[in-house]
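Reading through the structure tokens given below for one structure.
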There are 2 protein chains.
Amino acid sequence: MSTSKRARTDYHHGDLAGAVLQTAGKVLEEQGVEGLRMRDLARRAQVSHNAPYRHFPERESLLAALAAEGFAMLGRAQQAARTAGDLRAMGEAYVAFALAHPQRFRLMFGGTVRIARHPALREVATRVFDGLAGALEREVRSTGARDASVAAWALVHGLAQLLLEDKISAAARGGRDELAFARDVLSAIRFVIRPGAPGTPQAD
Amino acid sequence: MSTSKRARTDYHHGDLAGAVLQTAGKVLEEQGVEGLRMRDLARRAQVSHNAPYRHFPERESLLAALAAEGFAMLGRAQQAARTAGDLRAMGEAYVAFALAHPQRFRLMFGGTVRIARHPALREVATRVFDGLAGALEREVRSTGARDASVAAWALVHGLAQLLLEDKISAAARGGRDELAFARDVLSAIRFVIRPGAPGTPQAD
DNA sequence: CGGGCAATGTAGTCAATGTCAACATCGAAG
DNA sequence: CTTCGATGTTGACATTGACTACATTGCCCG
């Protein structure tokens, strides 16, 4: 798998952007964001230290691309879970994604990438979330359930984060492995929409 | 406030550790973790570029100290809310803390500090969380409510995180300011312990 | 009271890194 | 065939975290 797509001269790489993004993904999952060095990626692609900058004008551009990829993955996982099961399945899929790609998840939500500066990223992210919120609201079919759906999402997201950062004491986990624990936690409560809930305040 | 405590010679600073930690806190809140440079802190303390290393052997030690400070603050906020109100007050205080100190919160939960390498930090963090969980369980007084209390915490934590990272669409927020929105979201659901919940699986 | 020691601060150095500017090479379009 | 835009290369620079060796200080103990 050495010179896979190196079709042309070998002055031009053929698909540097793709190659860099791919190995960046690997490095990310292995070493975390801090371990991502532009020059290292150049080395791995057998290319001069500055070549990657043709495709990612600054380091953060690369991070943004990686985060965008992550949101795309998360979106697909959610879709799959949604067609295959109910709300709880979607929640479990969310947590499962975070546990399967911890560093990617951190990159997506850690605030390292200033999202405002990366419209493409912003767009993927909001699309995924809008889809998610839509599915939630539809499941919970009830007017004024928008706030409740945010709560559901927050619950799942927070659980993922706390598990990732190892903030839940062993005592609370009680020996269960992470995914089983998550399942139990999500099952431990019933989500009841409050009657007088504000929902969407200004009716449109 | 220039040479506040510079009691001694002015070769020795008097309280470099404290000074560095303090200005590091300011820089953190203004510029985020990435903006924290050891050498810059040295400059601000009017001290050689290496002096801070006497107190924080590596950059991450400083970050750990800052995070520890953060957990202490959070702990106090939780205590205050707990004596002053109910569960919901504690939840709101949690979110309020995150919104008031976004960068600090990110540092505490962003996975930048490898917590395993900083026992002191680990200890403060777990103490705060154990206190939190304890309070929750006591409030929800019910056997097998441990998982439910984790859920409550996850909900609040996730909500804080999503607000911080600006991941909640304007449509969902519906014009409410962040804190009011958080309040509404937390009020939108009722937390009902599930009858057949596993709780602590292996009874001890 | 005085000497020495541990704590604290300084000076100098090094390898990495992100980023910029100027130049080289290539493929394709006219 | 020429020219041009895209892609890669070379070289340079400032900054940073970290290491080592050395200086200064205050304080403890005899």
Side-chain angles (χ1 to χ4, degrees), chain A residues 2-24 27-28 30-67 107 110 112-114 117-118, chain B residues 2-24 27-28 30-67 107 110 112-114 117-118:
Chain A
S2 48
T3 41
S4 49
K5 275 282 179 57
R6 207 69 158 281
R8 311 300 173 153
T9 8
D10 105 83
Y11 181 101
H12 284 82
H13 178 285
D15 182 24
L16 223 201
V20 165
L21 200 61
Q22 186 172 339
T23 78
V27 175
L28 172 64
E30 287 166 11
Q31 328 226 12
V33 201
E34 324 266 342
L36 272 175
R37 282 125 166 88
M38 282 294 158
R39 285 169 110 105
D40 176 52
L41 295 172
R43 254 168 262 143
R44 301 207 193 203
Q46 314 226 30
V47 120
S48 94
H49 65 213
N50 259 344
Y53 281 88
R54 291 290 152 189
H55 305 273
F56 307 96
E58 49 186 13
R59 195 179 105 105
E60 200 178 300
S61 311
L62 175 63
L63 301 189
L66 286 168
L107 176 61
T112 305
V113 273
R114 278 84 50 100
R117 305 192 183 185
H118 306 273
Chain B
S2 49
T3 41
S4 50
K5 277 284 179 54
R6 206 74 158 277
R8 309 301 173 157
T9 8
D10 104 83
Y11 182 100
H12 283 81
H13 177 285
D15 182 24
L16 223 201
V20 165
L21 199 61
Q22 187 171 338
T23 78
V27 175
L28 172 64
E30 287 166 11
Q31 328 226 14
V33 201
E34 325 266 342
L36 274 175
R37 280 127 168 101
M38 283 293 164
R39 285 169 112 105
D40 176 52
L41 294 172
R43 253 168 261 143
R44 302 207 192 203
Q46 314 226 30
V47 122
S48 94
H49 65 199
N50 258 346
Y53 282 90
R54 290 290 150 192
H55 306 272
F56 307 96
E58 50 188 12
R59 196 178 102 107
E60 200 178 298
S61 311
L62 175 62
L63 301 189
L66 286 169
L107 176 60
T112 304
V113 272
R114 278 84 52 97
R117 306 193 182 185
H118 306 273

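Any value given below was found using the heavy atoms of this structure, including those in side chains, with hydrogens, waters and symmetry copies removed. Naming: A, B, ... by sequence-line order, numbering from 1 per chain.
Atom P of nucleotide D/dA18 and atom CZ of B/Phe56 are separated by 13 Å, given to the nearest angstrom. Taking atom CD on A/Glu34 and atom P on D/dG17, their separation rounds to 12 Å, with Å as the unit. Separating the CG atom of B/Leu41 from the P atom of D/dT15 is a distance of 16 Å, rounded to the nearest angstrom.
A/Gly35 approaches A/Val27 most closely through the heavy-atom pair O-CG1, 3.7 Å.
Looking at residues two or more places apart in sequence or on another chain, you find a side chain to side chain donor-acceptor pair (under 3.5 Å) between B/Arg39 and B/His49. With sequence neighbours excluded, the residues satisfying side chain to side chain donor-acceptor pair (under 3.5 Å) with A/Arg44 are A/Asp40. Listed by chain and residue number, B/Val20, B/Leu21, B/Ser61, B/Leu62, B/Ala65 satisfy the side chain to side chain contact (heavy atoms under 4.5 Å, CB included) test with B/Phe56 (two or more places apart in sequence, or in another chain). Residues passing the side chain to side chain contact (heavy atoms under 4.5 Å, CB included) test with B/Ser48 are B/Asn50, B/Ala51, sequence neighbours excluded.
Contact annotation: B/His55 side-chain N/O to C/dA7 OP1/OP2 distance is not under 4.0 Å. OP1 or OP2 of C/dT17 has at least one side-chain nitrogen or oxygen of A/Arg43 nearer than 4.0 Å.
Residue pairs meeting the salt bridge (charged side-chain N to carboxylate O under 4.0 Å, His left out) criterion with at least one partner in residues 47-63 of chain B, sequence neighbours excluded, are B/Glu60-B/Arg114.
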Checklist line | Heavy-atom protein contacts under 4.0 Å, nucleotides 18-23 of chain C, coded B base, S sugar-phosphate only, - none | finding: BBBBB-

